[in-house]
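Beneath this line is the structure, given in structure tokens, with notes to follow.
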Amino acid sequence: DILQEKGYALLEARDAEEAILVSGRRCGPIHLLLTDVVMPGISGRMLAERLAPLRPEMRVLYMSGYTENAIVHHGVLDHGTAYLQKPFSAETLAQKVREVLETVPPKRESTKAPDQEFQIQVTHSSHAVVIAPTGALDMDSAPQMKRTLESLLDAGKTKLVVDLSGITYLDSEGLGALVRGMKRARELGGDLRLCGLPEDARRTLEVTRLDKQMAVYPTREHAVASWG
């Protein structure tokens, strides 16, 4: 593949649904989404819009057999959107990818509250350890969450409950810290269970299908009691 030959690491998906799953499993950044405009089920634009809240760093390059003017004229894409008309050569693809990656990342509206100090409160109970972060769980604070979870797991505390009722924002890095903690806890015979999800965080888990993989409870009391 020409992009691999140019040194890019690729994550492949057969359709939009699989792309959402791949994104959910990816803990690190995704710098570029290369997608067809028209796909069965979820369109390329809808896919990009679903991933945008989780992947604010991600640029998007669309492909289609239609001309760019036709795509824009029918309202499928906005004017100025990065676009490749099929068919195209491997070199044209590589050049366009580099061009898009060198542009400034798109500014997207964020629900992140300004100047929120991130803190983590840890409470030990007879059944589990409750970790309660407050503030934005994002690229800046994810390392702190990761260290907290690793410290507890290293100390043999494998029954964990993360109460997200105090978070104001959740991005892919913050979500990745939780997923890594869950995986390690399960490897050690325990689990990491979530509770108190704000609506934005709940939608994030639904989009990435992680709500099917992680145990989610409505309240801290329910989550702690599940360890009884």
Side-chain angles (χ1 to χ4, degrees), residues 1-112 138-139 169-176 179 198-214:
D1 186 281
I2 184 63
L3 294 180
Q4 287 180 317
E5 291 176 2
K6 297 291 184 180
Y8 297 106
L10 303 183
L11 300 171
E12 299 184 61
R14 291 167 294 184
D15 53 32
E17 292 285 352
E18 186 175 349
I20 291 171
L21 292 175
V22 170
S23 174
R25 291 193 293 264
R26 172 74 173 179
C27 295
I30 296 177
H31 301 101
L32 177 71
L33 170 66
L34 176 62
T35 177
D36 274 298
V37 174
V38 180
M39 297 186 291
I42 301 174
S43 70
R45 180 170 184 168
M46 290 174 61
L47 171 62
E49 289 174 351
R50 287 198 184 187
L51 294 179
L54 281 170
R55 301 287 177 181
E57 80 287 350
M58 185 181 71
R59 299 158 178 82
V60 183
L61 174 57
Y62 295 96
M63 310 176 288
S64 178
Y66 295 97
T67 66
E68 183 175 0
N69 287 339
I71 291 289
V72 172
H73 176 73
H74 290 287
V76 179
L77 294 179
D78 296 327
H79 180 72
T81 301
Y83 180 80
L84 266 178
Q85 183 181 343
K86 297 179 181 178
F88 49 76
S89 68
E91 286 301 325
T92 297
L93 171 61
Q95 181 179 349
K96 189 66 175 181
V97 165
R98 171 47 53 193
E99 175 186 317
V100 174
L101 286 172
E102 288 177 348
T103 61
V104 177
K107 290 185 178 180
R108 299 188 175 106
E109 183 179 350
S110 172
T111 57
K112 181 177 178 180
D138 57 8
M139 178 177 62
Y169 183 73
L170 178 66
D171 72 1
S172 60
E173 295 294 324
L175 186 58
V179 171
E199 187 57 33
D200 286 348
R202 185 174 297 279
R203 284 199 299 268
T204 295
L205 260 69
E206 290 173 353
V207 165
T208 57
R209 302 292 182 86
L210 285 171
D211 60 324
K212 308 299 183 184
Q213 301 177 40
M214 305 185 78

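No hydrogens, no waters, no symmetry mates; every other heavy atom, side chains included, goes into these values.
- Using a 4.5 Å heavy-atom cutoff, the side chains of K86 and D36 are in contact.
- In this structure, D171 contributes its side chain and E173 its backbone to a donor-acceptor pair below 3.5 Å.
- Under a cut-off of 6.0 angstrom, the local environment of CD in Q4 is crowded, with over 12 non-hydrogen atoms contributed by other residues, nucleotides or ligands.
- Checking side-chain atoms of S23 against main-chain N and O of A19 turns up no donor-acceptor pair under 3.5 Å.
- Atoms CG and CE, from L93 and M63 in turn, are 8.0 Å apart once rounded to the nearest 0.5 Å.
- K212 NZ to L21 CG: the interatomic distance, rounded to the nearest 0.5 Å, is 11.5 Å.
- A 4.5 Å side-chain heavy-atom check between Q95 and F88 finds every atom pair outside the cut-off.
- A heavy-atom distance below 4.5 Å is found between the side chains of Y62 and T81.
- Atom CG of residue L205 and atom CG of residue L170 lie 7.5 Å apart, to the nearest 0.5 angstrom.
- The OG1 atom of T204 sits 10.0 Å away from the CD atom of E199 when rounded to the nearest 0.5 Å.
- Looking at heavy atoms from C-beta onward, K6 lies in side-chain contact with E91 at the 4.5 angstrom threshold.
- Panel note: side chain E18, backbone R14; a donor-acceptor pair is recorded below 3.5 Å.
- For E206, the CD atom is densely surrounded, since the number of other residues' heavy atoms within 6.0 Å is greater than 12.
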Open item on the list: Could you go through H31 and L101, starting from their C-alpha distance and side-chain angles, then the distance that decides it, and tell me whether this counts as side chain to side chain contact (heavy atoms under 4.5 Å, CB included)?
Closed with: CA-CA 7 Å; H31 301 101; L101 286 172; 3.9 Å; yes

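- Counting non-hydrogen atoms of neighbouring residues, nucleotides and ligands closer than 6.0 angstrom, the CE atom of M39 exceeds 12 such neighbours.
- R59 places a side-chain N or O within donor-acceptor distance of the main-chain N or O of T103, the cut-off being under 3.5 Å.
- Note: E57 CD to L32 CG = 11.0 Å, rounded to the nearest 0.5 Å.
- Taking every heavy atom of both residues into account, Y83 and V37 meet most closely at CE1-CG2, 4.0 Å.
- E5 meets the side-chain contact (heavy atoms from CB on, under 4.5 Å) test with I2; sequence neighbours excluded.
- In this structure, L175 CG and R26 CZ are separated by 14.0 Å, a value rounded to the nearest 0.5 Å.
- Among all heavy-atom pairs drawn from V60 and A82, the shortest one is O-CB, 3.5 Å.
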Task: side chain to side chain contact (heavy atoms under 4.5 Å, CB included) evaluation trace for I20 with I42 - done: CA-CA 10 Å; I20 291 171; I42 301 174; 4.2 Å; yes

